[in-house]
Amino acid sequence: MQDPERLVRPDGETLALRRVEGAGPTVLWIGGFRSDMEGTKALALDAAARARGWACVRYDHFAHGQSSGDWRHASVGRWAADAVALVDALDGPVVPVGSSMGGWVALLLARARPERVAGLVLVNPAADFTDRLMWPDLPDHVRQAILRDGEAEIEEPGLGRYVLTRRMFEEAREHHVLDADLDVTCPVHILQGRADDVVPWTHQTALLERLGRAQVRLDLIAGGDHRLSRPGDLERLVEAVAATRAGQAPAGRSPEA
């Protein structure tokens, strides 16, 4: 495989990205926390783009995958600023496809560049996850270590061993999107697994309330977990992206499927 393209940021750090040339709007894959652009859903969109003639870009966040960066300096604000910079380096409208934490980043991107975002597809979006989902689930001794020492090392299945910093939690509060109405007016299509034990489907209630100015469709997927990577899930994702690219407004809340 060829080396990825790189977007150089003002501080010298680089974002690794892979591009499929095609017609716009550009599908922009925004991955989740400690995931990379070689995951199943990202590759499914890459394959769909090649088959259907779409423009598509997938990339790794700062301190993720093949991008550079010190993990201890990673933050939601940095990830959002990098997404904005990447869109600024592209031509024409984009359709961000944000998975888990990437959904939060996609919402921040839509708020920062509303004129560039033609629509959003969000997969189990984890808006404000640091305070609403992660912090409450940490063991008390880990929370105490973060508050006392500024960081703590943890290990999670699928995520490996990594450090959580107090700075990450504190900085994330500057980018919360569920505390007030979101000024997002583009169509939004949310795919949410009913069986997701990382981002429960009930987490989307607050997001729906904050997206009052947007036309939103929420698909609650029976048996769907946090990965949503079964063949049927991937087909659903590709078709949701195809409809959003084509400018088809979401039809509202779908029956559970």
Side-chain angles (χ1 to χ4, degrees), residues 7 9-11 13 15 28-36 59-65 67 69-89 94-117 119-138 143 146-147 150-152 159 162-186 188 190 192 198-200 203-214 216 226:
L7 177 69
R9 302 290 283 120
D11 59 0
E13 302 290 358
L15 294 180
L28 177 63
W29 171 257
I30 306 178
F33 185 75
R34 294 187 63 79
S35 68
D36 60 41
Y59 74 102
D60 286 334
H61 295 294
F62 173 91
H64 285 65
S67 291
D70 182 341
W71 175 258
R72 283 180 167 84
H73 297 157
S75 67
V76 173
R78 174 66 194 237
W79 295 322
D82 285 344
V84 171
L86 182 51
V87 167
D88 288 346
V94 297
V95 173
V97 183
S99 177
S100 193
M101 181 195 76
W104 185 0
V105 173
L107 290 163
L108 292 169
L109 170 60
R111 190 167 67 180
R113 293 291 186 271
E115 73 284 359
R116 297 292 305 282
V117 176
L120 292 172
V121 178
L122 308 178
V123 184
N124 293 329
D128 300 3
F129 80 93
T130 44
D131 274 352
R132 291 185 177 236
L133 298 174
M134 178 178 277
W135 186 260
D137 281 350
L138 290 174
R143 292 197 298 264
I146 292 171
L147 294 173
E151 65 178 50
L159 299 183
Y162 64 98
V163 170
L164 286 174
T165 66
R166 183 173 60 199
R167 176 183 176 275
M168 186 191 78
F169 286 99
E170 292 176 346
E171 194 271 355
R173 295 184 186 116
E174 301 173 15
H175 306 285
H176 281 179
V177 295
L178 300 181
D179 295 337
D181 289 346
L182 268 165
D183 190 19
V184 173
T185 58
C186 65
V188 180
I190 301 171
Q192 173 66 47
V198 178
V199 181
H203 184 69
Q204 307 314 335
T205 302
L207 180 56
L208 292 174
E209 292 175 350
R210 296 309 184 192
L211 287 171
R213 298 186 61 198
V216 183
H226 190 61

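Residue indices begin at 1 and follow the sequence shown.
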Testing the basics here: between [X] and [Y], what is the closest heavy-atom pair and its distance to 0.1 Å?
X	Y	value
V177	L108	CG1-CD2, 3.7 Å
A106	G98	CB-CA, 4.3 Å
H203	P125	CD2-O, 3.7 Å
C186	A214	O-CB, 3.4 Å

Determine whether [X] and [Y] make a side-chain contact, defined as any pair of heavy atoms from C-beta on separated by less than 4.5 Å.
X	Y	answer
I146	W135	yes
R213	V184	no
F33	W104	no
I190	L208	yes
R167	S75	yes
V95	L120	no
H61	I30	yes
L107	L122	yes

What's the spacing between [X] [atom1] and [Y] [atom2] if we round to 0.5 Å?
X	Y	atom1	atom2	answer
F62	E13	CZ	CD	5.0 Å
E209	L207	CD	CG	9.5 Å
D128	T130	CG	OG1	6.5 Å
F169	M134	CZ	CE	5.5 Å
Q204	L211	CD	CG	9.5 Å
L86	L7	CG	CG	6.0 Å

Side-chain ([X]) to main-chain ([Y]) donor-acceptor, under 3.5 angstrom:
X	Y	result
N124	H226	yes
Q192	V199	yes
R143	L138	yes
H175	V76	no
E171	G77	yes

Inset, instruction - Could you check W29 against Y59 for ring-ring contact (aromatic ring centres under 6.0 Å, His included), going step by step and ending with a plain yes or no? - result: CA-CA 7 Å; W29 171 257; Y59 74 102; 9.6 Å; no
Inset, instruction - Any salt bridge (charged side-chain N to carboxylate O under 4.0 Å, His left out) involving residues 94-110? Give me the pairs, sequence neighbours left out, ordered by first then second residue. - result: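 Salt bridge (charged side-chain N to carboxylate O under 4.0 Å, His left out) check on residues 94-110 returns no pairs.
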Would you please name every residue forming a side chain to side chain contact (heavy atoms under 4.5 Å, CB included) with [X], sequence neighbours left out?
X	result
A63	W71, A74
E170	R166, R173
R72	D70, E151, V163, T165

Legend entry - Intermediate values then yes/no, side chain to side chain contact (heavy atoms under 4.5 Å, CB included), D36 and H64: CA-CA 6 Å; D36 60 41; H64 285 65; 5.5 Å; no
Inset, instruction - Please determine if D179 and R210 form a salt bridge, counting it only when a charged side-chain N lies under 4.0 Å from a carboxylate O. - result: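 Salt bridge between D179 and R210, a charged N being under 4.0 Å from a carboxylate O: no.
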Legend entry - By side chain to side chain donor-acceptor pair (under 3.5 Å) - contacts of D60 (at least two apart):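 Side chain to side chain donor-acceptor pair (under 3.5 Å) list for D60, sorted by chain: empty.
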Inset, instruction - Return the set of residues passing salt bridge (charged side-chain N to carboxylate O under 4.0 Å, His left out) with D11 (not counting sequence neighbours), or none when no residue passes. - result: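 Listed in chain order: R78.
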